[in-house]
Engineer: 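Next up is a structure, given as structure tokens.
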2 protein chains.
Amino acid sequence: MIHEGERNQSAFILAEGWACSFKQLADGERQIVDVQIPGDFLGLRSILFRTADHSSEALTRIEASEVLAADIFDSFAEAPRLATAVLWAASRDEAMVVEHLVNLGRRSAEMRMAHFLLELSTRLHLVGIGDRTGFDCPLTQFHLADALGLSAVHVNRVLRHLREEGLVTFQKGHVAFDDFFGLVALSGFNTDYLDQDGPLLR
Amino acid sequence: MIHEGERNQSAFILAEGWACSFKQLADGERQIVDVQIPGDFLGLRSILFRTADHSSEALTRIEASEVLAADIFDSFAEAPRLATAVLWAASRDEAMVVEHLVNLGRRSAEMRMAHFLLELSTRLHLVGIGDRTGFDCPLTQFHLADALGLSAVHVNRVLRHLREEGLVTFQKGHVAFDDFFGLVALSGFNTDYLDQDGPLLR
DNA sequence: CGTTCGTTTGAGAAACCTCAAGGTCTGTGG
DNA sequence: CCACAGACCTTGAGGTTTCTCAAACGAACG
């Protein structure tokens, strides 16, 4: 959908399915920057920049509406509030990346996993998918490894440990929260960076 | 200047000096998200969100001009291109955070350090400070540790090793590149995410 | 019925951390 | 001028986390 280094890319709004954005390193390693779920903007940075600085990939079959760069810029002239709204969306995106940065920089593997699953759950809940008991998740352990800066082997051990501790069970594409608040306590998860109730439109 | 959790914060444009934005964890650990140098926007996210999701701190004596949220939003109505420019600035900001994320997730301590110093050098050069031989830098090893997700002790060892390898010398507030291209090769540094030559204004 | 993809487990190694102790430099008050 | 405090840097020793390599297992699929 979006390829790092290519020019004149489009942005999309994801209507159905999951995708992820990532950066690939020269040695073949990759870092997943964010996961997109229905309702999310996809590739906004790649239209503002001449060349895309990241890649995107579908994780499931997806439905998305293309958003042309020209349409966005034109709309700013007609509806300034829309500019504020788009800026807000970009900022919320950045806030999530920042939280992921904190995750990688200052939390242990288990805290990272707990935090990641809780963020996903919260975001999915906002668009009406899943609940506090769990959610369906198409990510493999390899995806989790690339997102959390871990090896796939270690991801497996971390998941086993969280399961044995009675906190969360991630098997066969389903995340089941066995102790939601235990997970929150473990990870130090705080929804402030997600719970913004929309752009300030005066 | 900006405090996580507080409301109705202002944004600034840094005219002189250095600052950094960071997030503090419950256990006292902190993660530096980004360093701001002259010319950088500071706290844009904290005016779009009702409450600031991060804190900022001055690293030197600084001079900055306050930018009122209302002024920004009002200007969108009068000059739609300004909206595009601000959105572009926010996106460049995000691109840097993304690159830091890759740094923490997929690079070794030495590559992180090399990448970080090269990014700083490149950004400083863009505003006319420092050159390929080095630059003055007010960051302590504690700051580097908080930025790179390492312990201060390990930062010290990494710096020593890079110095012994003849790559870079960071002492007494000055970074001296002993082998600029060796550092670039080590870190896999690529300026694409910084070199955007300004917003696309048609 | 073999292949592929994802998961699971073990064993040993590497990277990084914590604790602890000194060292250097700078500013400050006596 | 000297003693002292505080901030920062440096080094050692030992411990923990996470990685790599290797092997095997199960489910899905042609």
Engineer: Within the 4.0 Å heavy-atom criterion, would you say B:Gly149 contacts the bases, only the backbone, or no part of the nucleic acid?
Structural biologist: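 Since only primed, P, OP1 and OP2 atoms lie under 4.0 Å of B:Gly149, the category is sugar-phosphate.
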Engineer: Can you identify which nucleotide, out of C:dT18, C:dG10, C:dG6, has its nearest atom closest to the A:Arg157 side chain?
Structural biologist: C:dG10
Engineer: Heavy atoms under 4.0 Å, any strand shown: does A:Leu159 hit a base, just sugar-phosphate, or nothing?
Structural biologist: nothing
Engineer: Taking the side chain as every heavy atom from C-beta outward, state whether A:Asp93 and A:Leu44 have any atom pair closer than 4.5 Å.
Structural biologist: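 Answer no - side chains too far apart.
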Engineer: Without decimals, in angstroms, what is the distance between A:His161 NE2 and D:dT18 C1'?
Structural biologist: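 About 15 Å, once rounded to whole Å.
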Engineer: Of the candidate nucleotides C:dT8, C:dC17, D:dC8, which contains the atom at the shortest distance from the side chain of B:Thr140?
Structural biologist: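 Taking heavy atoms from C-beta onward, the closest nucleotide is D:dC8.
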Engineer: From D:dC9, C:dC16, C:dT7, pick the nucleotide closest to the side chain of A:Gln141?
Structural biologist: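 Closest nucleotide among those given: C:dT7.
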Engineer: Parallel, tilted or perpendicular: which fits the ring planes of A:Phe135 and A:Phe177, with parallel below 30° and perpendicular above 60°?
Structural biologist: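 It falls in the tilted class, 30° to 60°.
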Engineer: By nearest heavy atom, map B:Val153 and A:Asn156 onto DNA chain C; which one lands nearer the 5' end?
Structural biologist: A:Asn156
Engineer: Looking only at heavy atoms, which two atoms of A:Asn103 and A:Met111 are closest? And how far apart?
Structural biologist: OD1-O, 4.3 Å
Engineer: C:dC17 C1' sits how many Å from B:Glu29 CD, rounded?
Structural biologist: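 Value for this atom pair: 11 Å.
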Engineer: Rounded to whole Å, please give me the gap between CZ in A:Arg107 and P in D:dT16.
Structural biologist: 23 Å
Engineer: Not counting sequence neighbours, list each pair that qualifies as a ring pair (Phe, Tyr, Trp, His ring centres under 6.0 Å) and has a residue in residues 136-164 of chain B.
Structural biologist: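 As it turns out, there is no ring pair (Phe, Tyr, Trp, His ring centres under 6.0 Å) pair with a partner in residues 136-164 of chain B once direct neighbours are skipped.
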Engineer: Hey, are A:Thr169 and A:Asp178 close enough side-chain-wise for a donor-acceptor pair under 3.5 Å?
Structural biologist: yes
Engineer: When you measure from the side-chain N and O atoms of A:Gln171 to the phosphate of C:dT8, is any distance below 4.0 Å, counting only OP1 and OP2?
Structural biologist: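 A:Gln171 to C:dT8 OP1/OP2: side-chain N or O found under 4.0 Å.
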Engineer: Please report the distance, rounded to the nearest Å, between CZ in A:Phe142 and C1' in D:dT20.
Structural biologist: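 Nearest whole value for this atom pair: 13 Å.
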Engineer: With respect to the side chain of A:Ser151, which nucleotide from C:dC16, D:dC19, C:dG6 is positioned closest?
Structural biologist: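 Among C:dC16, D:dC19, C:dG6, the one nearest the side chain of A:Ser151 is D:dC19.
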Engineer: B:Leu150 has an atom CG; how far is it from atom C1' of C:dC17, in whole Å?
Structural biologist: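 Value for this atom pair: 10 Å.
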Engineer: Send over the distance from B:His154 NE2 to C:dC19 C1', rounded to a whole Å.
Structural biologist: 16 Å
Engineer: When the distance from CE of B:Met113 to P of C:dA15 is rounded to whole Å, what number comes out?
Structural biologist: 16 Å
Engineer: To the nearest Å, how far apart are B:Arg106 CZ and D:dC19 C1'?
Structural biologist: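 Roughly 11 Å, once rounded to whole Å.
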Engineer: Remember a base hit wins even if backbone is also touched, and classify A:Ala109 as base, sugar-phosphate or nothing at under 4.0 Å, heavy atoms.
Structural biologist: sugar-phosphate
